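Heads up, the thing below is written out as structure tokens.
Only heavy atoms go into these numbers, but all of them, side chains included; no hydrogens, no water, no symmetry mates. All of these numbers come straight from a predicted model, not from anything done at the bench. Numbers for residues simply follow the sequence, beginning at 1.
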Amino acid sequence: MARGGFWGLGWGLALLVWAQAAWAVSVTDVVNPRPSGGWVSDQAEMIDAATEARLNAMIDAAEKELGVEIAVVTVTDVDSPTPKDFATELFNHWKIGKAGQDNGLLVLMVRDQRRLEMETGYGLESSLTDGWLKTMQQERMVPAFKAGRYGAGLEAGVHASIQKLGGTVPPLADAPDLDVSNPNSAAPVNSSDPRPQASAPRRSEPNWALIAMGATGVVAVGGAGAWHHRRQRTCPQCAIRMEMIPDEEDDVKLDAGQRTEEAIGSVDYQLFFCRQCGFNRVIENGKWFSGYSRCGGCGYKTSRTTSTTISAATTTSTGLEEVSTSCEHCGASSTHTRVIPMISPPSDNSSSSSSSFGGGSDSFGGGSSGGGGAGSSW
């Protein structure tokens, strides 16, 4: 690549990274929908008004029937290390779910990272298991997101979750154009459909001064990343660019543990080969937000940790939870208990009476989460 092109690429990467940082939000930036009587906070403007109204009505009915609390949130980007970290922090900041029952669910979409996280309270982990949520997302939500039907996908996920909990839900209103229960139906919607469709969300103006300050450092990082990317895909014997084998064909080159990693979505493997000399190389692309970690037994990224509340914490005593770790590949498992810290008593400050968390008709009910749930990218 010409020197000018390289530096142009570097500046482009700098602008992208620093512009993204300019519109990232913190937990305290997200508007709590409960003071206005709703359950949806669509800050990234990804849901049309009709769908948002249906979501609020469906969640409101589920809260009355089952006692559960469900929050749906969309944001442009987050200032946490990962969307999963942000979801857990926001859930516990708002205290979604009823105190002592921890029966809350947070559905979070991070637009610019194309990431969905569904965070469960302690009390819902046995019903909305991580595995069930992951499968449901891939079958009912992700196909809709890929087709640009963000509201339809979110509605399908909330609908399925309430059904799983035993609640009564109406038929999906958005089903005729995109059957979000069918993963093969993610085709673009007919442009003649008169109903409002999801359009490119509006972005706030980036902070150009901040962009300029960080550009030089990102240029170096972007250049190093591009060099490493080319090197991995170049044959070391012939010095020519290798070709990638399609995903459906590369599984024969993976071992059993690697195939398990791909099946659960914790790692994506790509196989490159050289047509000239036959050299091949497997490249591992780990997924940071998969919810899986390295197993201490087999070494594959197939270990999952879940927790179940034994006794809930209160404002006067600690609680206790059971933490279980199991490996999807080798089957290794372990269980231990840990203490849940006491809940901080509500503030007596009268200024917080209209927006306090953890109690009252204008807030969520005081639930908590230990990180249960699952996420997907699209």
Side-chain angles (χ1 to χ4, degrees), residues 16-34 38-47 52 55 59 69-97 102 104-122 124-125 128 130 133-134 136-137 141-142 145 150-151 153-154 157-158 161 201 203-204 206-207 210 265-266 286-293 304-307 341 344 355 357-358 363-378:
L16 175 64
V17 172
W18 284 92
Q20 194 169 12
W23 54 69
V25 300
S26 66
V27 163
T28 55
D29 292 329
V30 184
V31 177
N32 179 6
R34 293 307 295 136
W39 303 92
V40 179
S41 184
D42 182 28
Q43 296 198 190
E45 299 180 342
M46 303 178 76
I47 310 171
E52 183 171 337
L55 278 167
I59 297 171
E69 294 185 349
I70 303 173
V72 178
V73 176
T74 73
V75 294
T76 51
D77 201 358
V78 296
D79 65 358
S80 298
T82 68
K84 176 62 177 176
D85 293 331
F86 187 90
T88 303
E89 186 180 357
L90 180 61
F91 189 112
N92 290 314
H93 179 64
W94 281 357
K95 300 187 184 299
I96 304 169
D102 299 319
L105 171 66
L106 169 63
V107 183
L108 170 72
M109 285 192 72
V110 182
R111 186 193 70 193
D112 291 356
Q113 295 194 38
R114 303 177 71 86
R115 184 68 184 175
L116 165 75
E117 293 292 346
M118 295 182 72
E119 182 89 6
T120 54
Y122 290 106
L124 295 187
E125 288 181 356
L128 303 181
D130 299 357
L133 283 171
K134 183 71 174 181
M136 184 275 293
Q137 290 167 8
M141 303 179 77
V142 171
F145 298 157
Y150 305 114
L154 289 167
V158 172
S161 298
R203 293 187 175 186
S204 56
N207 186 328
L210 184 62
S266 62
K287 297 182 179 180
W288 291 358
F289 316 129
S290 69
Y292 289 89
S293 59
R304 185 79 166 177
T305 300
T306 59
S307 59
S344 300
S355 60
F357 301 106
S363 66
F364 290 96
S368 60
S369 170
S376 296
S377 299
W378 72 92

> Which pair of heavy atoms, one from Y292 and one from S266, lies closest together, and at what distance?
Replying inline: CB-CB, 3.9 Å
>> Restricting to non-hydrogen atoms, name the atom on D29 and the atom on Q43 that form the minimum distance, rounded to 0.1 Å.
In response: O-OE1, 3.3 Å
> Can you find a pair of side-chain heavy atoms, one from V110 and one from D77, that are under 4.5 Å apart?
Replying inline: yes
>> Ring-plane angle category for W94 and F364, please: parallel below 30°, perpendicular beyond 60°, tilted otherwise.
In response: parallel
> Is there a donor-acceptor pair under 3.5 Å between the side chain of D102 and the backbone N or O of L124?
Replying inline: no
>> Taking side-chain contact (heavy atoms from CB on, under 4.5 Å) as the criterion, tell me which of L128, V107, D130 meets it with M118.
In response: V107
>> Quick check: closest heavy atoms across K134 and S376, and the distance to 0.1 Å?
In response: NZ-OG, 3.7 Å
> Roughly how far apart are I47 CD1 and M109 CE, rounded to 0.5 Å?
Replying inline: 8.0 Å
>> What I want to check is whether the side chains of S368 and N92 have a donor and an acceptor closer together than 3.5 Å.
In response: no
> At their closest point, which heavy atom of S80 faces which heavy atom of F86, and how far apart are they?
Replying inline: OG-CD1, 3.4 Å
>> For T120 versus S369, what's the shortest heavy-atom pair and its separation?
In response: O-OG, 2.8 Å
> With no hydrogens and no angle check, is any side-chain donor or acceptor of E69 less than 3.5 Å from a backbone partner on G365?
Replying inline: yes
> Does one side chain, of T88 or E119, offer a donor that lies under 3.5 Å from an acceptor on the other?
Replying inline: yes
> Which heavy-atom pair separates Q137 from G375 by the least distance, and what is that distance?
Replying inline: OE1-C, 3.2 Å
> Taking the side chain as C-beta and beyond, is there a heavy-atom pair between T82 and R115 under 4.5 Å?
Replying inline: no
> Would you say the side chain of V72 lies within less than 4.5 Å of the side chain of W39, judging by non-hydrogen atoms?
Replying inline: no
> Quick check: does any side chain N or O of R114 sit under 3.5 Å from a backbone N or O of S377, one acting as donor and the other as acceptor?
Replying inline: no
>> How long is the straight-line distance from CD of Q113 back to CG of L116, given to the nearest 0.5 Å?
In response: 12.5 Å
> In Å and rounded to the nearest 0.5 Å, what is the CG to OG1 distance from L90 to T28?
Replying inline: 10.0 Å
> Taking atom CD1 of I96 and atom CZ of R34, what is their separation to the nearest 0.5 Å?
Replying inline: 10.5 Å
>> I want to check something: taking the side chain as every heavy atom from C-beta on, are P33 and V40 in contact at a cut-off of under 4.5 Å?
In response: no
> Can you find a heavy atom in the side chain of S363 that is under 4.5 Å from one in the side chain of K95?
Replying inline: no
> Going from CG on L108 to CG on L154, what distance comes out if it is rounded to the nearest 0.5 angstrom?
Replying inline: 10.0 Å
>> With rounding to the nearest 0.5 angstrom, report the CG to CG distance, D42 to L55.
In response: 9.5 Å
